[in-house]
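To keep things clear, I will list the structure first and then write my remarks on it.
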Amino acid sequence: MFARFQHPDGSFEAHHATDRFWEKTEADAALAGTKTPGIVNEVSAKRSERKPPAPFNTTAFTTEASNRLGITPKRAMQLAEDLYMDGFISYPRTDNTVYPRSLPIGELVASLVRIPEFEAGAPLLNGDLTPTRGKKETTDHPPIYPTQAVHPGALEGPKQRVYELVARRFLATFAAPMAIESTRADIEAGSQTYFVRGSVVTDPGFASIYTYARSRDEEIPKLEKGQELALDGDPWAVDKETQPPPRISQGKLVELMEEAGLGTKATRPDIIQKLYDRGYVHANPPAPSATGMAMYEAFRKFVPRIATPEMTAELEQDMDQIAAGKTSKDEVLRISREMLHSTTSDVEGQREDLAKVIWAGMDEDRILGPCKVCEEAGRTREDGSPNMLRVIRARKSGKRFVGCQGWDPEDGADSCDQTFPLPQRGDVYRLEERCSICGQTPRLKVTPPRGRPWDLCLNDDCPSMQEMKRRRAERQVAQGEREAAAKADGSDGSGAPAGRSGNGAKRRRKPSPSTARTRRAGSGSRTKS
């Protein structure tokens, strides 16, 4: 429930002191009991600090790349490995969260803050460069840090964002905490109490460098105890159901895998990617498919040991014991063989039951939505349920398409021959059983092997599909005009003469990120290796 109060600096919205009303009669009584003017009953302010982050290890890096940059953990590791091979960051597969003493911290910080993108870290040189320390310290590899200062603009595509993330995180580990001042005011309006909260960053500290962590200010007008505030309109209640929690992001999933002892710092991103490749999850954040849920339910019911993290975690712990010299390889192999033989026997003994559950899940993933043609004709299945459109793969050609369950070559005119074409590459899954735009056919999400996912309505006359066709035609016309102009003036098709860029300058051959396009901090020219 909410109420808006007038203030010389502008009206503001306040929340009822009761978080949720579970009975409508109680909510109605609270609305009726809210009277003007409101009296500020109490104002309290609290100052808090957020400590700067710890150095990057692999898990923290992939989590931040996913949450802050929207880059999947697997892709983030690929980009980090490329930057490592180019000599721009340290080895990205590490559990360490403590910088070694041998690291030339002063020299590296000084070179980084000379770059315009990182100049917010210049004040660090005026104090003692003491970094934060994480919980885990190892001696194999240091935390992930920039091994040299590079202008981010000298790197290509997402490498630029990943390098900047690593560099900003490195500088932030030497910075001061972020100071936040939170204010709360309680307002009595008739027999009801409302409150309003605000928070302001009084000192950004490390967030001036690690900008991803900067919280948004939520300012409220200056309020004093005893101040009268007239209601700005009537109070109101928002009637809605409790929303489910948001899905777990890929970055958070990596953290949970580490906590459960699943996989290693090198394999966790690959494990998540395999879930996508095998059709067990889709979308981002990952959502389980019917096949994935059926796979889990089948193993949980018939081979429960495989469906829990303990088995995999036990194997990982045993390998760590070998590395620490606390057990032998032969002993771990013996235990692993016994575990594998036991679970394999369980699977073999329940093969048919497992297959039935998994095939049912796979079949459900192929079902897209009800067939409108059959609905209009009054055709249903034997049990009275509607005929559904589903993804079918042709036996001869192997191509996939959408067809109706109501098709039967022996039914003649009573058979439904409704079909729709599908893209032959990429993953396809259902967005809506019936398109919310045209209301005629299912709407799908297509995730191609390359490029961005796109939405597909099976109804070719849907306004969304017509708009897509219009934009495609405009792109094709523009491309044709560029090619025609290129033939006419001998240019390369981009609108500029061959060998020259659009501003008339000679076009240089595109160099690799690690050579000609790399400009070190403090240098006024590009260097070649």
Side-chain angles (χ1 to χ4, degrees), residues 55-56 58 60-62 64-66 68-94 99 103-125 129 141-175 206-214 450 492 494 496 499-529:
F56 262 154
T58 301
F61 163 69
T62 54
E64 288 290 272
S66 175
R68 308 293 191 184
L69 306 181
I71 299 175
T72 65
K74 181 174 176 61
R75 178 62 175 154
M77 287 304 298
Q78 291 172 341
L79 294 168
E81 287 168 359
D82 289 344
L83 290 170
Y84 165 69
M85 295 301 293
D86 289 338
F88 297 148
I89 68 171
S90 60
Y91 188 61
R93 299 186 186 275
T94 177
Y99 296 129
L103 198 65
I105 288 174
E107 177 184 342
L108 192 52
V109 171
S111 62
L112 280 169
V113 299
R114 287 198 294 268
I115 296 176
E117 287 86 348
F118 309 133
E119 62 184 7
L124 295 175
L125 298 175
L129 291 174
H141 297 288
I144 305 172
Y145 70 95
T147 53
Q148 59 176 293
V150 180
H151 289 264
L155 302 173
E156 294 181 341
K159 288 184 184 180
Q160 173 181 341
R161 294 191 294 152
V162 170
Y163 175 82
E164 189 169 344
L165 175 70
V166 172
R168 288 184 181 277
R169 179 69 166 230
F170 173 72
L171 292 172
T173 61
F174 302 95
F206 73 89
S208 63
I209 306 167
Y210 199 63
T211 52
Y212 320 96
R214 175 67 185 259
R450 294 182 181 179
D492 61 356
S494 62
R500 292 183 176 271
S501 61
N503 60 6
K506 290 185 178 180
R507 176 176 296 167
R508 297 190 182 103
R509 180 177 62 85
K510 185 178 180 181
S512 69
S514 59
T515 55
R517 293 192 62 182
T518 303
R519 186 171 59 181
R520 272 69 175 181
S523 66
S525 62
R526 302 181 187 273
T527 59
K528 291 188 178 182
S529 57

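These numbers come from the heavy atoms of this one structure, side chains and all, not from hydrogens, waters or symmetry mates. Each residue takes its place number in the sequence, starting with 1.
In this structure, the separation between CD on Glu156 and CG on Leu79 is 12.0 Å, given to the nearest 0.5 Å. Annotation: the span from Glu164 atom CD to Leu69 atom CG amounts to 9.0 Å, rounded to 0.5 Å. Interatomic distance, Glu81 CD to Ile89 CD1, rounded to the nearest 0.5 Å: 9.0 Å. To the nearest 0.5 Å, atoms CZ (Phe170) and CG (Leu108) are separated by 4.0 Å. We find the CD1-CD distance between Ile209 and Glu119 to be 11.5 Å, quoted to the nearest 0.5 Å.
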**Prompt:** Do Thr94 and Phe56 pass the side chain to side chain contact (heavy atoms under 4.5 Å, CB included) test, and can you show the C-alpha distance, the side-chain angles, and the key distance before you say yes or no?
**Reply:** CA-CA 9 Å; Thr94 177; Phe56 262 154; over 6 Å; no
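Counting only distance, with no hydrogens or angles, the side chain of Tyr163 and the backbone of Val150 share a donor-acceptor pair below 3.5 Å. Listed for the Arg168 side chain is a donor-acceptor partner under 3.5 Å among the backbone atoms of Glu117. Side chain of Thr62 to main chain of Ala76: no donor-acceptor pair is present (N/O by atom type, distance under 3.5 Å, no hydrogens or angles). For the pair Thr58 (side chain) and Pro92 (backbone), a donor-acceptor distance under 3.5 Å is present.
Residues satisfying the side-chain hydrogen bond (donor to acceptor under 3.5 Å, both in side chains) test with Tyr99, not counting sequence neighbours, are Thr173. With sequence neighbours excluded, the residues that form a side-chain contact (heavy atoms from CB on, under 4.5 Å) with Leu129 are Ile105, Val109, Leu124, Phe174. Taking Ser66 as the reference, nothing meets the side-chain hydrogen bond (donor to acceptor under 3.5 Å, both in side chains) condition, with sequence neighbours excluded. Taking Tyr210 as the reference, Tyr212 meet the ring pair (Phe, Tyr, Trp, His ring centres under 6.0 Å) condition, with sequence neighbours excluded. In terms of the salt bridge (charged side-chain N to carboxylate O under 4.0 Å, His left out) criterion, residue partners of Arg68 (sequence neighbours excluded) are, by chain and number, Glu64. Partners of Tyr84 under the ring pair (Phe, Tyr, Trp, His ring centres under 6.0 Å) rule, at least two apart in sequence or in another chain, are Tyr91.
Taking every heavy atom of both residues into account, Ala120 and Ser208 meet most closely at CB-O, 3.5 Å. For the residue pair Leu83 and Lys159, the shortest heavy atom distance occurs at CD1-O, 3.9 Å. Between Ala172 and Phe206, the closest heavy-atom pair is O-CB, 3.9 Å. The two residues Ile115 and Pro152 have their closest heavy-atom pair at CG2-CD, 4.1 Å. Among all heavy-atom pairs drawn from Pro158 and Ile71, the shortest one is CB-CD1, 4.4 Å.
Side-chain contact between Val166 and Ser90 is absent, with no heavy-atom pair separated by less than 4.5 Å. The closest side-chain heavy-atom distance from Pro146 to Leu112 is below 4.5 Å. Looking at Phe88 and Asp82, their side chains never come closer than 4.5 Å, going by heavy atoms from C-beta outward.
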